[in-house]
> 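Dropping the structure in here first, questions after.
Below, each value reflects all heavy atoms present in this structure, side chains not excepted, and no hydrogens, waters or symmetry copies. So you know, we letter chains A, B, ... as the sequences are listed, proteins then strands, and number each from 1.
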Amino acid sequence: MTEQAKLAALLFPNSGRSIADYEALYPPRPLPAGAPVTRLAPSPTGFIHLGNLYGAFADERLAHQNGGLFFLRIEDTDEKRETAGAAEALIGALDYFGLRFDEGVTAGGETGAYGPYRQRRRAELYRDVARELTARGLAYPCFCTEDELGEIRASQEAAGANFGYYGLWARHRNLAPGEIERRVGRGEPFTLRWRAPAAAAAVTVQDGIRGRLVLPGNEQDIVLLKSNGIPTYHFAHVVDDHFMRTTHVLRGEEWLSSLPVHVQIFAALGWEHPFYCHTPLLLKAEAGGKRKLSKRKDPELGLDFYRREGYHPRAVREYLLTLLNSDYEEWRLGHPTAPMEEFPFSLARMGSSGALFDLQKLNDVSKNVLAALPPGETADFLRHWAGDWQPEAAAVWTAEREYLAAIVAIGRREANPRKDLVYGTQIFSFLRFFFDPLFTIEDALPDNVGATEARGLLAQYSARYDHAADKESWFAALKRLAAENGYAEKPRDYKKQPELYKGHVGDVSAVIRLALSGRKNSPDLWEVQQVMGEDRVRRRLEAMIQYVGQL
RNA sequence: GGCCCGUUGGUCAAGCGGCUAAGACAUCGCCCUUUCACGGCGGAAACACGGGUUCGAUUCCCGUACGGGUCACCA
C-alpha cells in the first residue's frame, strides 16, 4: 500500500464506491449527439433575482431548442446562508415565468436518474471521489485554523505576495504522514485541499460567449471539502456536472477567475469539462456609471418585484430575451404574432459586456405584449394578479368579471390597438374610475367652462342622451349641442376665430368626460359609455350635475 | 495591490479592414385628433484616449484611462 493510499484510508475510513462505480451508475445520457444538457444550480438563499431568471432562460432555451434537457440542482452546501423553503419559492417563481425543468429538484421532491439533486444529499459521492483523489496524491488534509489562515494572509500582505494557500505558503501541504496520523487521531478537524501543480501552465478555454480565453494556470490549493465534510462549490461543480452529464455550463462572469481551478480538476480526473459560457452581469445605471445590481438598493432586482407590480410573465420574458439576444427585437418585428419559443436563440449572439437593466424598456415591451394579448386573457391575468397582491382591485374586479373584460377590450380591436395597459398596479389606477366604489372626481373643469355653464351642458346632454346611438350619430349630436351653446364644432374654427366662440367641442366633451371618468383624459368617450352601460352613465351625469351645482 | 473580463448615442445594441456608423427605448418637433393612448413623419445624439500594423481602422496589436469581477472552510 502506498503512503497516499494509506492517507486516503486514514482520512476516509468507511470504504465506499469507486469513481468507476459511479461512472456505471451515471452513464452518459441517452440523447442524440450534440443535444445540450444544461442546468440551473442556485443556492437556496431565499432571494431570487433577475439574474437567476436571465441565466435560467438562456439555459432553458439552449436545451429545449436543441433537443436537450434542462435540470435543477440545488447547491445547498452552505448551511449558514440557507433559508427554509427557498427551493420551493424558486421553483414557483420560475414556473410563474414559464420556465420548466425536465429533471431535478421539484416542489415535492425530485425526479431523474442522475440524482440526488440537492448537494447535501450527495455527501457520499463527494467523499468517495475525494478519497480517490487523495489516494492518487491529488489532495491532502489541512489542519490550519481560521487564525492561522489569517496569519498567512497577514504575512503575505506584508511581503507583497499574492494571497492564498499555495506553494511555500501552504503549510500543511507536505506534512509528515506521522504528523497527519497523530492529528487525525486526536480528532483535529481538517479540510481537504487540492494539491495544485507547482508551476501550472496557462490554460486555453473556448468560451461560448467570449471566445478563446487564455488564463493563468491555477496554483492555489483550494479547499475541496470543508471540515464538515461538505464540498466547496469548486469541487461540487466538477463532480456534479460530470456525473450529471452536463454539457453546457452557463454562469455569471464572476466565475471566470476560478475557471482555471475547474479546468484543472477536470483534467486531473481525466474528465472532459463542459462547454463553459460566462454571461455578463446585469448592471444598474447610477450617477456617472454602471454598477452591479444590489439586493438592498434595487427592489426591481428581486423577481417578486415583477409579480407584485403585476408584470405579465410574457413581458418579462420578452424583455429578458431582448437582453439575451440582441436581434430578438428585429425578429419580433418580423414575426409579430409568433410565439417567442420559435425565436432561434443562439449563444454566439449573446453580448459579453454587462447590460443595464432598463425599466422603461420593460414597460414598452410590456405594453406591446398586453396589446397583443386577447382581452379576455388580459382580464384573467389581472384578476389573478389582484387576487395575490391587490385586494382592493380583486374585490371590484371579481365582482364584475365581464365588465372588466369589456373595459380591457376598449380600443384594442383595431389594427392599431391602444397601448396604455402596462402592468398591474398601473392598470389598477388607470381603470379605477370604471368601478363605482373607486370612482372620484380627480380633475377640474376646463378653464373656460364655469360651474353654471357646465351644469347647463350636462343637463342638456343628459336629457338628450341616447345610449343606442352609434358612434357617428352620437358625436354628431354632441357637436350640435356644442354649437347650440356657442362652442365651435371644430377646434380649427375656434383657433381661427376664438372671439366668436366660448370654446370648442373638445371643451364640451371634457365636461362629459369629467362626469364619466372624473378625469380630463380617458379612452374614447363613446366606447366608455357603451362599456359602462346606460344606467351607470345616467347616474354619473346626475351626480355631476349635483356636484357642479355645489361649486 | 495581483490576476481576469469589458468599453459604439442617455439606455439596449448592429457592425467583424473601406458604410452618409443600422434599429429599438427614452427625448424633442410636426402631423393625425373631441381628451388620452395608438399611428405617421422628422430632429438632436455615439465608435473612451494614445501609439502602432495597413493604401485604409469602430473593426487587428500594444499601452493608458475608466467600469466590473475575483483573490473565503460563500456560491
> Heavy atoms from C-beta onward define the side chain here; which of B:A75, B:C5, B:A24 lies closest to that of A:T77?
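Closest of the options to the side chain of A:T77: B:A75.
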> Can you tell me which nucleotide in B:G1, B:C74, B:G2 comes closest to the side chain of A:R81?
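It is B:C74.
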> Kindly give the heavy-atom pair with the smallest separation between A:L458 and A:A515, and that separation in Å.
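Minimum heavy-atom contact is CD2-CB, 3.9 Å.
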> If you look at every strand shown and take non-hydrogen atoms under 4.0 Å, does A:C142 touch a base, only sugar-phosphate, or nothing?
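Nothing: the residue A:C142, judged by heavy atoms under 4.0 Å, touches no strand.
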> Closest-nucleotide mapping onto RNA chain B: is A:S227 or A:P216 further toward the 5' terminus? I mean the 5' end.
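Its nucleotide being nearer the 5' end, the pick is A:P216.
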> Under 3.5 Å, is there a donor on one side chain and an acceptor on the other for A:H273 and A:H262?
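Looking only at side-chain atoms, A:H262 and A:H273 do not form any donor-acceptor pair under 3.5 Å.
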> Given atom CZ of A:R120 and atom C1' of B:C74, what is their separation to the nearest angstrom?
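Roughly 14 Å, once rounded to whole Å.
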> Tell me whether the guanidinium CZ or amine NZ of A:R153 lies under 6.0 angstrom from the six-membered ring centre of A:F163 and within 45° of its axis.
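Yes, A:R153 sits over the ring of A:F163.
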> Is it the case that the side chains of A:Q264 and A:N218 hold a donor-acceptor pair, with the cut-off being a distance below 3.5 Å and no angle test?
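Yes, side-chain donor-acceptor contact under 3.5 Å.
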> Between atom CG in A:L324 and atom P in B:A13, what is the gap in whole Å?
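To the nearest whole Å, that distance equals 10 Å.
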> With nearest nucleotide decided by heavy atoms, which residue, A:G160 or A:N368, maps closer to the 5′ end of RNA chain B?
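The residue closer to the strand's 5' end, by nearest nucleotide, is A:G160.
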> Of A:K502, A:Q460, A:E453, which meets side chain to side chain donor-acceptor pair (under 3.5 Å) against A:N485?
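Single side chain to side chain donor-acceptor pair (under 3.5 Å) partner of A:N485 among A:K502, A:Q460, A:E453: A:Q460.
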> Base, sugar-phosphate, or nothing: which does A:S43 touch, judged by heavy atoms less than 4.0 Å apart?
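Result for A:S43 = sugar-phosphate.
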> Base, sugar-phosphate or nothing for A:R193? Non-hydrogen atoms, less than 4.0 Å.
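Result for A:R193 = sugar-phosphate.
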> Go along nucleotides 31-37 of chain B 5' to 3' and tag each nucleotide: B for a protein heavy atom under 4.0 Å from its base, S when only backbone or sugar atoms are that close, - otherwise.
-SSBBBB
> Would you indicate what A:R519 reaches in the nucleic acid, counting non-hydrogen atoms under 4.0 angstrom: base, sugar-phosphate, or nothing?
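Result for A:R519 = nothing.
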> Decide whether A:S522 and A:R513 meet the rule of one side-chain donor and one side-chain acceptor closer than 3.5 Å.
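Note: A:S522 and A:R513 side chains meet the donor-acceptor criterion.
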> Answer yes or no: does a side-chain N or O of A:R412 lie under 4.0 Å from OP1 or OP2 of B:C38?
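So the side-chain polar atoms of A:R412 never come under 4.0 Å of the phosphate oxygens OP1 or OP2 of B:C38.
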> Could you please name the option among B:C74, B:A22, B:A26 that lies closest to any side-chain atom of A:T232?
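Of the options given, the side chain of A:T232 lies nearest B:C74.
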> Tell me the partner of B:U53, counting only Watson-Crick (N1-N3 plus N6-O4 or O6-N4) or G-U wobble (N1-O2 and O6-N3) with both under 3.5 Å; none if nothing fits.
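WC or wobble partner does not exist here.
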> Can you tell which of B:U11, B:A75, B:C74 lies closest to the side chain of A:K80?
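Closest nucleotide among those given: B:C74.
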> What is the separation between atom CG on A:L225 and atom C1' on B:A72, rounded to the nearest whole Å?
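Going from CG in A:L225 over to C1' in B:A72 covers 16 Å.
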> So A:I410 and A:D524, side chain to side chain contact (heavy atoms under 4.5 Å, CB included) or not? Walk me through it.
CA-CA 8 Å; A:I410 291 177; A:D524 182 77; 5.7 Å; no
> Take atom P in B:A14 and the same atom in B:U7, then report the distance between them in whole Å.
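B:A14 and B:U7 have their P atoms separated by 10 Å.
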> Which base sits across from B:C36 as a Watson-Crick or G-U pair, both distances under 3.5 Å?
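Paired with B:C36, as far as the under-3.5 Å criterion goes, is no nucleotide at all.
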> Say you pick atom C1' in B:A26 and the same atom in B:G52; how far apart are they, in whole Å?
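Here B:A26 and B:G52 have their C1' atoms 39 Å from each other.
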> How about A:D221 and A:Y140: does a side-chain donor come under 3.5 Å of a side-chain acceptor?
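Distance-only check passes for A:D221 and A:Y140.
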> Rounding to an integer number of Å, can you tell me how far A:L320 CG sits from B:A13 P?
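About 12 Å, once rounded to whole Å.
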> Checking all strands, does A:R153 fall into the base, sugar-phosphate, or nothing category for heavy-atom contacts under 4.0 angstrom?
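Sugar-phosphate, no base atom in range.
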> Counting distance only, does the side-chain N/O of A:S517 pair as donor-acceptor with the main-chain N or O of A:R519 below 3.5 Å?
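Checking the backbone N and O of A:R519 against the side chain of A:S517, a donor-acceptor pair under 3.5 Å is found.
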> If only side-chain N and O atoms count, and only distance matters, is there a donor-acceptor pair under 3.5 Å linking A:D470 with A:S473?
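Per modelled atom types, A:S473 and A:D470 side chains form a pair under 3.5 Å.
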> Can you check the distance between B:C49 and B:C66, where both ends of the measurement are the P atom (answer in whole Å)?
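So the two P atoms sit 15 Å from each other.
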> Let me know the distance between CG of A:L421 and P of B:C38, rounded to the nearest Å.
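These atoms are roughly 12 Å apart.
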> Looking just at side-chain N and O atoms, do A:E219 and A:N162 make a donor-acceptor pair shorter than 3.5 Å?
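No, A:N162 and A:E219 have no side-chain donor paired with an acceptor closer than 3.5 Å.
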> Mind checking the C1' distance from B:C73 to B:G68? Whole angstroms is fine.
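Those two atoms are separated by 27 Å.
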> Take atom C1' in B:C41 and the same atom in B:U64, then report the distance between them in whole Å.
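Between the two C1' atoms, the distance is 45 Å.
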> Considering only the P atoms, how many Å lie between B:U53 and B:C61, rounded to the nearest integer?
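One P to the other, the span is 15 Å.
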> Find the partner of B:A21: check Watson-Crick (N1-N3 plus N6-O4 or O6-N4) and G-U wobble (N1-O2, O6-N3) distances, both under 3.5 Å, and reply none if neither fits.
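WC or wobble partner does not exist here.
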> Nearest to the side chain of A:Q360, heavy atoms from C-beta on, is which of B:A24, B:A26, B:C74?
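Nearest to the side chain of A:Q360 among the choices is B:A26.
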> Across all strands, who's sitting opposite B:G6 as a Watson-Crick or G-U wobble pair, both distances under 3.5 Å?
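Paired with B:G6, as far as the under-3.5 Å criterion goes, is B:C66.
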> From C-beta outward on A:E253, which listed nucleotide comes closest to its side chain: B:A24, B:C74, B:G68?
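The closest nucleotide is B:G68.
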> Paired with B:C71 by Watson-Crick or G-U wobble geometry, both distances under 3.5 Å: which nucleotide is it?
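By the stated definition (distances under 3.5 Å), B:G1 pairs with B:C71.
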> Using the P atoms only, state how far B:U70 lies from B:G63, rounded to an integer number of Å.
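Here B:G63 and B:U70 have their P atoms 24 Å from each other.
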> A:K361 has a side chain; which of B:A22, B:A75, B:A24 sits nearest to it?
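Taking heavy atoms from C-beta onward, the closest nucleotide is B:A24.
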> Please report, rounded to the nearest Å, how far the P atom of B:G15 is from the CZ atom of A:R349.
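Those two atoms, CZ and P, are 9 Å apart.
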> Could you work out the separation of B:U27 and B:A65 based on their C1' atoms and round it to a whole Å?
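Result for the C1' pair: 30 Å, nearest Å.
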> Quickly work out the A:E330 CD to B:C25 P distance and round it to whole Å.
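Rounding to the nearest Å, CD of A:E330 and P of B:C25 are 13 Å apart.
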> Nearest-Å distance, CD (A:E318) to C1' (B:C12)?
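About 15 Å, once rounded to whole Å.
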> By nearest atom, which of the nucleotides B:A72, B:U11, B:A75 is closest to the A:F163 side chain?
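Nearest to the side-chain atoms of A:F163, counting from C-beta on, is B:A72.
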> Please pick, from B:C73, B:U70, B:C5, the nucleotide with the shortest atom-to-atom distance to any side-chain atom of A:S257.
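From the listed options, B:U70 comes nearest.
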> Mind checking who B:U27 pairs with, Watson-Crick or G-U wobble, both distances under 3.5 Å?
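Checking every strand shown, B:U27 finds its partner in B:G43, with both distances under 3.5 Å.
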